[in-house]
Amino acid sequence: MEPDLDSTKAAAGNRKHLAMLERLSKRTAATSSADSPEASPVAAFLSRFAAAKAAAESAVSACRSSPDDVAASLAAASSAVDDLERLVAEASHSLPPYELRSALAAVSDLRAAHKLAASEIRPKKSFSFRNKSKATKNPAQDSPPLPQPPPEQPKPNKPNAILPGFGFRSRNGATLVKDLRASNEKDGDFTLADLVSCEVYLKGKCRALYIHKLRDCRVFIGPVFGSVLIEDVERCTFVMAAHQIRIHEARETDFYLRVRSRPIIEDCSGVRFAPHTLKYVGIEDDLRDSGLAEDTGNWANVDDFKWLRAVQSPNWCLVPEEERLPTVDISEVQERDNCN
């Protein structure tokens, strides 16, 4: 019984905290309907979070009970989890650390539950791509309808969900500078996509950052008071601060981070991590406003979701001190390109 003591304590503690969140949210719902204009932002968030979380849980559960319309139910569940994550991102700058960690963990658990539901509900679809070659061996009967599955192949590809929006896209060899503090899209979402051999400088803070398909780029980003999602990058350098950072399909890339939760990598190789080194006039205020004034040291605590063994993952390491970037001051860098 001794070896399981810590894990049972942790599980019990987690259950207690979730129960406390639900109690608080119910209390908040009751009091916020009363005439209290000065309701605590944290209590108001807990109320909204509890409702959004219940909706997301219900949508994920509904996936298994709607076998006739799998695609629609999975899409609805994914959208509900997205809404929950956006809610956390928008409130992250005003939440105490423990509440923020718990909310991010809940979002992460629901993402995992959605992924598991998708793999359980439609295992045959993943095989249909491999079986396509077998189908062509028998072209005689009914093969024209069989090519139907390929249209679903792009679904796992997320570029279409990421590309739209305010940001820099489809540039080659450009220096791209934006001061988000003076932008009409202040504190909104920002996207970097399809960039090759570019230097990107963003001053100020944004709510969420989406990065897709960058090659040989150097990217210096002001604080992100929500989440950063990075997909398909190669031979790049990123310097950024955020509450949550997820990295998928990165190769030979360095990350200089200040991050509240542990960075997550998946399907990565040759990625290296080091502490945050960005500076510009006003960055301390932006970091403080984003809840990132304190360096937690999590830049060195990386979770590799594709490496489940107890030993160090071979897919990432720390940048040796002698190879690390010095502090990069972008105060004097002027805007040179417009977003589109």
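Taking each heavy atom of Val259 and Ser261 in turn, the nearest pair found is CG2-O, 3.1 Å. The shortest heavy-atom contact between Cys217 and Ser197 is SG-N, 3.7 Å. Shortest non-hydrogen contact noted between Lys53 and Ala106 is CE-CB, 3.9 Å. The shortest non-hydrogen separation linking Ala77 to His114 is CB-CD2, 3.5 Å. Closest approach of Ala59 to Ala80, counting heavy atoms only: CB-CB, 4.1 Å. Considering every non-hydrogen atom in both Leu292 and Pro223, the closest pair reads CD1-CB, 4.0 Å.
When each of Leu202, Val200, Val219 is tested with Leu176 by the rule side chain to side chain contact (heavy atoms under 4.5 Å, CB included), just one qualifies, namely Val200. Checked options Lys115, Arg111, Arg246; the residue passing with Glu266 is Lys115 (criterion: salt bridge (Lys or Arg N to Asp or Glu O under 4.0 Å)). Here the options are Ile265, Leu318, Ile245, the test is side chain to side chain contact (heavy atoms under 4.5 Å, CB included), and the partner is Val302; only Ile265 passes. With Thr237 as reference, Leu325 is the one residue of Val328, Val319, Asp216, Leu325 to meet the side chain to side chain contact (heavy atoms under 4.5 Å, CB included) rule.
Dense packing is recorded around CD of Gln312, with more than 12 heavy atoms of other residues, nucleotides or ligands lying under 6.0 Å away.
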Run the side-chain contact (heavy atoms from CB on, under 4.5 Å) test on Glu249 and Glu231 for me, step by step, so that the C-alpha distance in whole Å, both residues' side-chain angles and the decisive distance to 0.1 Å come before the verdict. CA-CA 6 Å; Glu249 291 183 356; Glu231 292 187 305; 5.9 Å; no
Could you go through Asp286 and Arg181, starting from their C-alpha distance and side-chain angles, then the distance that decides it, and tell me whether this counts as side-chain contact (heavy atoms from CB on, under 4.5 Å)? CA-CA 10 Å; Asp286 287 342; Arg181 297 166 296 187; 3.9 Å; yes
Check step by step if salt bridge (Lys or Arg N to Asp or Glu O under 4.0 Å) holds for Asp232 and Lys213. CA-CA 5 Å; Asp232 190 8; Lys213 202 172 182 183; 5.5 Å; no
For Phe166 and Phe190, run ring-ring contact (aromatic ring centres under 6.0 Å, His included): C-alpha distance rounded to whole Å, both residues' side-chain angles, the deciding distance at 0.1 Å, then the answer. CA-CA 5 Å; Phe166 185 67; Phe190 204 90; 5.3 Å; yes
Audit row: Arg215, Arg251, side-chain contact (heavy atoms from CB on, under 4.5 Å) steps and yes/no: CA-CA 10 Å; Arg215 301 288 183 267; Arg251 297 166 295 281; 3.6 Å; yes
Test side-chain contact (heavy atoms from CB on, under 4.5 Å) on Thr296 and Arg260 and set out the steps. CA-CA 6 Å; Thr296 62; Arg260 288 287 292 272; 4.2 Å; yes
Show your working on ring-ring contact (aromatic ring centres under 6.0 Å, His included) between Tyr201 and Tyr280 and close with a plain yes or no. CA-CA 10 Å; Tyr201 302 92; Tyr280 58 79; over 10 Å; no
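Atoms CD1 and CG, on Ile211 and Leu192 in that order, are 5.0 Å from each other to the nearest 0.5 Å. Leu278 CG to Ile330 CD1: the interatomic distance, rounded to the nearest 0.5 Å, is 4.5 Å. Atom CD1 of Ile230 is separated from atom NE2 of His212 by 13.0 Å, given to the nearest 0.5 angstrom. Note that CD of Glu57 and CG of Leu84 are 9.0 Å apart. Values are rounded to the nearest 0.5 Å. Here the SG atom belonging to Cys236 is positioned 10.0 Å from the CG atom belonging to Asp254, to the nearest 0.5 angstrom.
Using cut-offs of 30° and 60° for the angle between ring planes, the Phe273 and Phe255 rings count as parallel.
Residues forming a salt bridge (Lys or Arg N to Asp or Glu O under 4.0 Å) with Lys306 (at least two apart in sequence, or on another chain): Asp267. Applying the side-chain hydrogen bond (donor to acceptor under 3.5 Å, both in side chains) criterion to Glu323, with sequence neighbours excluded, gives Arg272.
Side chains of Glu85 and Ser227 form a contact here, defined as non-hydrogen atoms less than 4.5 Å apart.
Salt-bridge check for Arg235 with Glu252: failed, with every basic side-chain N at 4.0 Å or more from each acidic carboxylate O. Between Asp194 and Arg171, no side-chain nitrogen of the basic residue sits less than 4.0 Å from a carboxylate oxygen of the acidic one, so the salt-bridge criterion is not met. Of the charged side-chain nitrogens involved, none lies within less than 4.0 Å of a carboxylate oxygen, so that Lys203 and Asp179 do not count as a salt-bridged pair.
Trp307 and Trp316 fall into different hydrophobic clusters, where Ile, Leu, Val, Met, Phe, Trp and Tyr are joined by side-chain heavy atoms under 4.5 Å apart, directly or via other members. Clustering ILVMFWY residues whenever any of their side-chain heavy atoms sit less than 4.5 angstrom apart, transitively, puts Ile264 in a cluster other than the one holding Met240.
A ring-centre distance under 6.0 Å is not found for Phe238 and Tyr256.
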